[in-house]
Amino acid sequence: MDKIIVRGLNLWYGDFPALINVNADFKEKKITAIIGPSGCGKSTMLRVFNRMNDLIEGVRVTGEVDIDGTNAVSPEADLIYLRRKVGMVFQRPNPFPLSIYENIAFGLKIHGIERNADALAGVIEESLRRVLLWDDLKDKLKRSALRLSLEQKQRLCIARLLAVKSDVLLMDEPCSTLDPQATERIEELMRELKNNYTIVVVTHNMQQAARVSDETGFMLLGEMVEFAATREIFTAPKDKRTEDYITGRYG
Amino acid sequence: MERHLDEELKELHKDILQMGVMTQEAIFKSVESLKNRDKAQAQAVLDDDKKVDGMENLIDEKCVDLIARYQPMAKDVRFIATAMKINSDLERIADLAVDIAQRSLELADKPLLKPLVDIPKLSVVAQAMVEEAIDAFVNKDAALARKVVLSDPEADRLRTLVYEELVNDYMARDAKTVDRAVPLLLISRHLERICDHATNIAEDVIYMVEAKVVKPHPEQLS
């Protein structure tokens with residue numbers, strides 16, 4: 001089933017067209033990777049899904065991004081609800097300068113989801129368990145999140161989204177600051193999470209896209225050149241530009 | 001730490017095993033159809049070959065997919081490369097079983113030229129070699145693979161026995177036996193070719209386990 005349906009999406013930064021007539025279907029409970037050279041529009045594409053581009057001056061969007069039946073790019077979209085539902089994990093883990101506990105409690109409180117202390121503790125435990133941090137951190141919840149390792153911080157940032165019941169996880173280069181072992185473990189976590197969440201990951205690392213994703217979109221100069229099963233993209237791409245890029249002949 | 005690739009390699013392992021089982025069944029049924037003059041069984045070998053071909057394609061696609069997506073190294077890449085070669089040997093073996101079944105169909109309505117003696121012996125050798133070659137792959141057992149390679153001369157010897165007997169004792173003496181002797185001659189050839197493919201598999205297993213190519217260097221077997 002499709003979770004996110006993109007139709008005729010265009011986005012301009014001022015006069016510059018960053019996305020040009022993009023059409024794509026992102027399947028529910030699958031990992032979709034978006035690959036392409038720098039500046040191709042892949043991060044812009046990702047940020048459309050929870051309207052992060054709104055923060056940039058001079059942005060104009062046309063087209064449709066249907067997430068569970070509502071058009072995310074329409075001016076009437078409920079942004080608070082959208083950003084809760086569609087969470088984002090960034091390149092550099094960005095925990096709040098608070099305790100581990102407060103990092104997760106924060107979202108629950110501002111969204112008014114849970115105020116009862118026992119219930120809050122329950123959600124925090126559950127979220128940390130899902131990202132496999134609970135056993136390591138259960139006795140250190142009052143510690144500052146800034147003292148965690150990079151990998152732990154990234155896991156904590158994912159746990160924050162799980163706590164507020166996001167069901168789409170957007171990941172923008174989630175492993176680019178991690179070493180290969182930590183990368184492998186985060187990828188394993190992504191495979192685990194896709195049983196319950198729809199994941200869209202933007203990555204420069206083609207090998208990562210190949211390893212971890214079910215579907216892959218290749219973008220170039222704002223266009224979605226090819227969008228297909230990862231197996232197809234990496235063994236028999238249909239478009240010559242895709243082939244040139246994944247075989248390292250681009251540019 | 002268990003990698004995701006390990007899960008995929010386990011699946012590939014299972015697929016090769018399945019391909020091995022299908023191939024062994026094809027040899028067994030084709031030889032039984034000859035012994036029992038059973039047309040239905042021979043026909044079943046012909047019919048089942050489509051499944052073997054389908055399985056071969058599936059395994060090939062999987063291997064290419066794994067290479068493209070994981071860039072495997074060292075023993076992982078040797079395992080996948082070996083799986084691809086074994087896959088193609090197994091498919092050829094199944095084709096040879098089809099050839100035997102076709103000869104068996106040709107012979108089914110004619111009186112048997114002579115009691116079958118060396119062909120069943122050769123078929124026992126062939127089936128054992130294929131089974132052991134697959135076991136060697138499954139258990140990464142280079143010693144068993146060496147045993148398979150060393151069994152090949154016995155297959156050649158039995159094939160020559162069948163040849164000489166059919167040519168000298170039958171065809172040379174009575175031209176009317178040719179249409180019943182030639183299919184038997186071909187069957188011995190098919191069985192001997194099956195043993196050659198089993199030998200290929202065994203050599204590939206030695207490469208997979210020890211990263212050592214023994215194919216053109218039989219002295220490396222020891």
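In what follows, chains carry the letters A, B, and so on, assigned in the order in which the sequence lines appear, proteins first and then strands, with residues in each chain numbered from 1.
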List the atom pairs, with distances to 0.1 Å, where a side-chain N or O of residues 57-68 of chain B and a protein N or O form a donor-acceptor pair under 3.5 Å, not counting sequence neighbours.
| from | atom 1 | to | atom 2 | distance (Å) |
| --- | --- | --- | --- | --- |
| B/Lys62 | NZ | B/Asp15 | OD2 | 2.6 |
| B/Asp65 | OD2 | A/Arg231 | NH2 | 3.4 |

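Contact residues of residues 191-227 of chain A toward chain B are A/Arg191, A/Gln207, A/Ala210, A/Arg211, A/Ser213 (heavy-atom distance under 4.5 Å).
With a 6.0 Å radius and a threshold of 12 heavy atoms from other residues, nucleotides or ligands, A/Phe96 has its CZ atom above the threshold. Crowding of A/Arg7 atom CZ: a count of heavy atoms from other residues, nucleotides or ligands under 6.0 Å exceeding 12. The local environment of NZ in A/Lys30 is sparse, with at most 12 non-hydrogen atoms from other residues, nucleotides or ligands closer than 6.0 Å.
Contact check for A/Glu184 versus B/Arg3: side-chain heavy atoms found under the 4.5 Å cut-off.
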After noting the C-alpha distance and the side-chain angles of B/His4 and A/Glu188, does the key distance pass the side-chain contact (heavy atoms from CB on, under 4.5 Å) rule?
CA-CA 7 Å; B/His4 190 65; A/Glu188 204 43 55; 3.8 Å; yes

